[in-house]
2 protein chains.
Amino acid sequence: MRATVRDVASWAGVSPKTVSNVLNGTVNVRPATRARVEAAMVALDYVPNLSARGLRNGRTGMIAIALSDLQVPFFAEMMHHFVNAAAARGLQVQVEETGWDPGREARLLSRAREHQVDGLILNPVNHETTAVKPGIALPPVVLIGEVYLPIVDMVWMDNAAAIADLTGELITTGHRRIALLGMSDHPAAIARLDGYRQALRSAGIPTDPGLEIASDDWRPTSAARALNAFLDSDPGPVDAVVCCTDGAAMGALLALHAHGLRVPEDVSVTGYDNINDSAITVPPLTTIDFDKAYVADTAIALLMQRIADPEGSPRKVTLPHRLVWRSSTTSR
Amino acid sequence: MRATVRDVASWAGVSPKTVSNVLNGTVNVRPATRARVEAAMVALDYVPNLSARGLRNGRTGMIAIALSDLQVPFFAEMMHHFVNAAAARGLQVQVEETGWDPGREARLLSRAREHQVDGLILNPVNHETTAVKPGIALPPVVLIGEVYLPIVDMVWMDNAAAIADLTGELITTGHRRIALLGMSDHPAAIARLDGYRQALRSAGIPTDPGLEIASDDWRPTSAARALNAFLDSDPGPVDAVVCCTDGAAMGALLALHAHGLRVPEDVSVTGYDNINDSAITVPPLTTIDFDKAYVADTAIALLMQRIADPEGSPRKVTLPHRLVWRSSTTSR
DNA sequence: AGACTGGAATGCAACGATGTAATCTGCAGT
DNA sequence: ACTGCAGATTACATCGTTGCATTCCAGTCT
């Protein structure tokens, strides 16, 4: 049977509370006593029971990370960084997937405490449907992503600015007929579309709805399907395809290849997120990078503060981005 | 404040224990009483406190999944399936990463209980160094992967047989100078090398150590680096590259492209694992598929049985595999 | 009518850790 | 030697749930 504070206490000849004091370090313990207790813990291989501690303290030292779908490399990479950042703070991590389903998202939020987590980091599905609304009792929660909700803490990425930067740079390097791949009514898609249009406008290039290619989601196959249909529709020449994610860009590479178009000689292609795979596609993708480890660490830091002070006013951390130029783009 | 069994009980005019009986359903409760209690639970938005339950029962309803690195798409996809399979059984999932470090693996095993998990599913780093050894006290654990250890439950994949099948088929379709990419002293690499050699031998083709290309790991960049070095060393013609994983195969595509070799016209390329991305590389990869959702579900089922009966003798489930032919290979 | 049966409901205690308040110890100051 | 006091240690109660043993009750049998 597993050792408890009682066992450690009797081995060391002290009371259980003293053992607890040694463990938590909030009260003074005489060095000699501390040494004896520590020896006892080692001798008995004592490991605290977190269920008991959680029951007593109302804190479990566990947080949940809820992303849409771990099969998508971007989310998987984010999860990797969350796991690392949490481990660095001695926190356990529970994984959840929302699968782009607002219902699952709402359930997670309402059931957070049941799942014995102290708080939740969430990549919200959608602005309209998100369960994060004013006036609803929420567990400590930090949002990450593109949708800005001034109700809760969040780590926010300025998608419009990032895509505008990238598109502007494409224009500077001589691209004129630039398509956007991955449009939808998802708020992140809308933000990216905005950035794309802004860049065109400020360069005096007319926007053309025919070049704004919708796709069901940002997975490679969906993007490839969408771009194939676009290319089949005889849209006239296009010298660049700005994709809403690296995954979509990978699909774009596939579709362009199927249509006999060379990247970057005939068409430049860009992605978004700088996932690991974006560096090893053929050709490697020009994309938008941000520091994922920093996002993870910041989100967890915000969450810890929120747990410590549930009443403080919401904070927003804006994330810098950086353009990464690889050989899927070239000057014209 | 959150409602407890006491609150529900007094609302429904019964004792706390009756509420508990309704929740757990082990004892008979009169339908009328049950209805009243259930109404109370709804009215008060009662959610059981899992810490308390865990303390009382010694079970938390939570399992840990420990994989090497979620940044690697294969592990990310496995995690996705684990999360789904666990959710289907009402289990919570804690994520852990071992980072190919036997020390972290050992720590996870010894600290499993501290982390308040009932059991652990582990993809062991290495046969020699794994902390899973006879005579060591272990929490309930199920291994998944290529290394067979008859000490604990496991879901086992016959790598040698799979690679032998694939290589044999390449030989049948006319390939003769077949390289293996991804060799190392990792037991899974050794198993795959074995299968490759077996297939060559049984076709009467002499094995050639010069065609067995080592790489540090199975990530695309490492594989690309290894294959680039190989191709630079003027090894003579090669008509197929059998890669130890899809990730390595993606690296191979990059290296071959850099050397002006066309896939599949000049060289066929194959992968292993059938990760999502393998279908959307240029060209899409021929690979070895297995049912990842089945692995996840089976591993969790084994773990549940092990938790219920810690003493039973270890079981091993062998996983079927299936070849998936895509356009990275062609007949010669 | 009284004894008996078995299902339904309850009271109590315990899981392990820790906050609170009380007690104890050693030592300085008189 | 005695008081006073701060720091160290302890006893007790409690967090929410559930197993055990007990009690309660309606219905059946003699």
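Note that this is a predicted model, so its numbers are computed, not measured. Chain identifiers are assigned alphabetically (A, B, ...) following the order of the sequence lines, protein sequences preceding nucleic acid strands; residue numbering begins at 1 within each chain.
- Of all nucleotides listed (dT18(C), dT10(D), dT17(D)), dT18(C) comes nearest to the side chain of Ser20(A).
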Carefully, step by step, assess Arg306(B) and Asp153(B) under the rule salt bridge (charged side-chain N to carboxylate O under 4.0 Å, His left out).
CA-CA 8 Å; Arg306(B) 175 61 50 204; Asp153(B) 298 300; 2.5 Å; yes
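- For Asn49(A), the listed nucleotide lying nearest its side chain is dG16(C); candidates were dG16(C), dT18(D), dT10(C).
- Put simply, CZ on Arg6(B) is 14 Å from P on dT18(D), counting in whole angstrom units.
- Atom OH in Tyr46(B) sits about 10 Å away from atom P in dG16(D), given to the nearest Å.
- Residues Pro140(A) and Asp118(A) have side chains not in contact (no heavy-atom distance under 4.5 Å, counting atoms from C-beta outward).
- Nucleic acid contact for Thr33(B): sugar-phosphate only, since backbone atoms but no base atoms lie under 4.0 Å from a heavy atom of the residue.
- The nucleotide whose nearest atom lies closest to any side-chain atom of Asn57(A) is, among dT18(C), dT9(D), dT10(C), dT18(C).
- Between Asn276(A) and Glu77(A), some side-chain heavy-atom pair lies under the 4.5 Å cut-off.
- Going from atom CG of Leu44(A) over to atom C1' of dA17(C) covers 16 Å, rounded to whole Å.
- Atom P of nucleotide dG7(D) and atom CZ of Arg34(A) are separated by 16 Å, given to the nearest angstrom.
- Following rounding to the nearest Å, Arg36(A) (CZ) and dA8(D) (P) show an atom-to-atom distance of 14 Å.
- Comparing dG16(C), dT10(C), dT9(D) against the side chain of Ala52(A) picks out dG16(C) as the nearest.
- In this structure, Thr18(B) OG1 and Arg30(B) CZ are separated by 10.5 Å, a value rounded to the nearest 0.5 Å.
- A donor N or O paired with an acceptor N or O is not found under 3.5 Å between the base of dG11(C) and the side-chain atoms of Lys17(B).
- Comparing Arg30(B) and Arg53(B), the nucleotide of DNA chain D nearest to each residue sits closer to the 5' end for Arg53(B).
- Proximity note for Thr4(A) (side chain, C-beta onward) versus dG16(C), dT10(D), dT10(C): the nearest is dG16(C).
- Taking atom CG of residue Leu23(B) and atom C1' of nucleotide dG19(D), one finds them 15 Å apart after rounding to whole Å.
- For Arg219(B) and Gln71(B), the side-chain atoms include no donor-acceptor pair closer than 3.5 Å.
- Relative to the side chain of Val5(A), the nucleotides dA17(C), dT10(C), dT18(C) differ in distance, and dA17(C) lies closest.
- Taking atom CG of residue Leu55(B) and atom C1' of nucleotide dT18(C), one finds them 13 Å apart after rounding to whole Å.
- Side-chain contact check for Met79(B) versus Met79(A): every heavy-atom pair is 4.5 Å or farther apart.
- Under 4.0 angstrom from either OP1 or OP2 of dA8(D) there lies at least one side-chain N or O belonging to Asn28(A).
- Backbone-only contact: Val14(A) has heavy atoms under 4.0 Å from sugar-phosphate atoms and none from a base.
- Closest-nucleotide positions on DNA chain C for Asn24(A) and Pro16(B) were compared, and the one nearer the 5' end corresponds to Pro16(B).
- OP1 or OP2 of dT10(C) has at least one side-chain nitrogen or oxygen of Thr18(B) nearer than 4.0 Å.
- The separation between Met41(B) atom CE and dG16(D) atom C1' is 15 Å, rounded to whole Å.
- In terms of position on DNA chain D, the residue among Ser51(B) and Asn21(B) whose nearest nucleotide sits closer to the 5' end is Ser51(B).
- Distance from the side chain of Arg56(A) is smallest to dG16(C) among dG16(C), dT10(C), dT9(D).
- Within 4.0 Å (heavy atoms only), Val29(B) reaches sugar-phosphate atoms of the nucleic acid but no base atom.
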